[in-house]
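The next block holds one structure in the form of structure tokens; read it before the comments.
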Amino acid sequence: MKSCREVHRLVIEAQDRKLGFAERLSMRVHLILCAACRRFDAQMDLLRQAIRRFPGD
Amino acid sequence: MPSPDLQESLEKIRPTLLRFAMLQLRNEAAAEDVVQETLLAALEGKSAFSGRSQLKTWAVSILRNKIVDHLRRGSREGTLPIVDEQGDEDFDALFDGTGHWQEAPGDWGDPAVVLEQRGFYEVLELCMKALPEQVARVFTMREVLGFETEEICKELKLSSSNCWVVLYRARMRLRECLQLRWFDAR
């Protein structure tokens with residue numbers, strides 16, 4: 001199983017490139033099992049939503 | 001003749017537009033130029049503004065296009081700084097020897113709630129300003145202006161992997177900054 005260190009990179013790179021099938025699979029499996037990385041994933045998602053709405057209201 | 005109302009309303013959002021342009025261009029003269037072009041285009045194309053969307057949203061969308069044009073022109077003329085290989089700035093310290101988080105990422109809460117909080121965007125802007133110039137340029141092209149990654153690499157003459165690395169660093173720095181200045185500070 002991939003480590004959190006490897007998975008946090010995949011979580012970020014998934015926003016900027018299409019991950020390969022094996023990468024996507026290993027990331028998903030890890031996220032199901034790891035609450036810390038799920039929170040990291042949610043942080044990156046919030047960051048993206050925030051920037052897309054920039055400059056805010 | 002542009003209506004005085006529209007002109008006045010546009011003048012009011014001018015500082016916002018200027019801040020927005022400065023963040024991406026990091027050059028006052030260039031930012032002034034694109035904002036000026038935006039205001040003129042807005043006045044000329046006022047029929048396109050139906051009042052359905054907010055005036056600011058509409059003006060920002062024009063401004064985005066002007067900034068994109070400006071960046072494209074710049075890259076053709078070769079005036080964009082090439083992003084160089086940066087020192088190996090390490091986010092490794094976030095993990096222990098076995099690859100686990102040293103400190104587990106915190107729960108930032110519901111984006112719908114956080115993004116509505118007063119002051120959030122000021123802090124985000126502060127964090128974006130703190131990014132190194134080249135990193136900020138790649139990141140805003142990607143996220144604020146909505147370029148595809150391949151297009152950014154091409155425009156800035158970067159390898160794909162270099163592009164991903166720069167975007168990775170931008171996201172990690174913004175995360176760190178928001179944690180410190182917003183989530184921890186509340």
Side-chain angles (χ1 to χ4, degrees), chain A, chain B residues 13 16-17 19-20 23 54 56-57 60 63 91-92 94-96 98-112 114-116 119-122 124-125 127-128 138-140 142-144 146 148-150 152 160-161 163-172 174-175 178-179 183:
Chain A
M1 181 161 142
K2 284 200 187 299
S3 67
C4 298
R5 185 207 304 270
E6 293 167 301
V7 168
H8 97 288
R9 259 203 119 100
L10 288 179
V11 164
I12 288 193
E13 291 194 9
Q15 300 198 321
D16 300 313
R17 69 177 174 93
K18 195 160 167 36
L19 299 183
F21 177 73
E23 288 176 319
R24 235 170 31 240
L25 187 66
S26 58
M27 178 176 83
R28 290 223 180 118
V29 170
H30 184 106
L31 288 177
I32 289 170
L33 300 171
C34 175
C37 286
R38 276 203 301 279
R39 282 196 299 274
F40 179 77
D41 188 35
Q43 291 180 347
M44 288 300 120
D45 184 53
L46 184 147
L47 180 61
R48 168 161 271 188
Q49 289 186 44
I51 303 278
R52 298 244 155 128
R53 282 176 48 177
F54 201 74
D57 294 316
Chain B
I13 58 172
T16 308
L17 298 178
R19 281 201 344 259
F20 185 80
L23 270 180
Q54 277 202 335
K56 194 173 84 181
T57 312
V60 166
L63 179 57
F91 295 102
D92 268 4
L94 294 172
F95 301 92
D96 65 19
T98 60
H100 286 94
W101 294 97
Q102 292 277 15
E103 192 184 334
D107 180 0
W108 280 5
D110 181 358
V114 175
L115 304 190
E116 293 298 330
F120 178 81
Y121 274 93
E122 277 86 346
L124 180 59
E125 188 176 336
C127 291
M128 287 183 42
V138 175
F139 184 71
T140 56
R142 173 78 186 122
E143 291 291 299
V144 186
E148 286 303 321
T149 314
E150 299 79 55
I152 302 172
S160 309
S161 61
C163 254
W164 296 328
V165 170
V166 173
L167 287 167
Y168 166 81
R169 288 181 181 146
R171 295 185 199 281
M172 289 302 278
L174 288 173
R175 167 185 183 261
L178 282 178
Q179 182 68 54
F183 294 100

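Chain letters run A, B, ... following the sequence lines, proteins first and then strands; every chain starts at 1.
- Residues A:Ile51 and B:Met128 meet the side-chain proximity criterion, which asks for heavy atoms closer than 4.5 Å.
- Of the possible polar contacts, none joining the B:Tyr121 side chain to the B:Leu115 backbone as a donor-acceptor pair under 3.5 Å is found.
- For B:Phe91 and A:His8, the distance between ring centers is not under 6.0 angstrom.
- Only the backbone of B:Thr98 comes within contact range of chain A, with at least one heavy atom under 4.5 Å from a heavy atom of that chain.
- Interface check for chain A: of the options B:Pro105, B:Ala104, B:Pro111, the most heavy-atom pairs under 4.5 Å are formed by B:Pro105.
- If you measure heavy-atom distances from B:Val144 to chain A, the contacts under 4.5 Å come from both the backbone and the side chain.
- In this structure, chain B has no heavy atom under 4.5 Å from any part of A:Glu6.
- Listed by first then second residue, pairs satisfying salt bridge (charged side-chain N to carboxylate O under 4.0 Å, His left out) with a partner in residues 33-46 of chain A number zero, not counting sequence neighbours.
- When the candidates A:Arg52, A:Met44, A:Arg48 are compared by the number of heavy-atom contacts under 4.5 Å with chain B, A:Arg48 comes out ahead.
- Of the two parts of B:Ile152, neither the backbone nor the side chain holds a non-hydrogen atom closer than 4.5 Å to a non-hydrogen atom of chain A.
- In terms of non-hydrogen atom pairs under 4.5 Å with chain A, the most contact-rich of B:Leu124, B:Asp107, B:Leu174, B:Asp96 is B:Leu124.
- In this structure, the portion of B:Gln179 lying under 4.5 Å from any heavy atom of chain A is its side chain and not its backbone.
- Checking side-chain atoms of A:His30 against main-chain N and O of A:Lys2 turns up a donor-acceptor pair under 3.5 Å.
- Environment of CD in B:Glu103: sparse, with no more than 12 heavy atoms of neighbouring residues, nucleotides or ligands closer than 6.0 Å.
- Legend: salt bridge (charged side-chain N to carboxylate O under 4.0 Å, His left out) pairs involving residues 16-26 of chain A, not counting sequence neighbours, sorted by first then second residue: A:Glu13-A:Arg17, A:Asp16-B:Arg142, A:Asp16-B:Arg171, A:Arg17-A:Glu23.
- Ranked by heavy-atom pairs under 4.5 Å with chain A, the first of B:Phe120, B:Trp101, B:Phe183 is B:Trp101.
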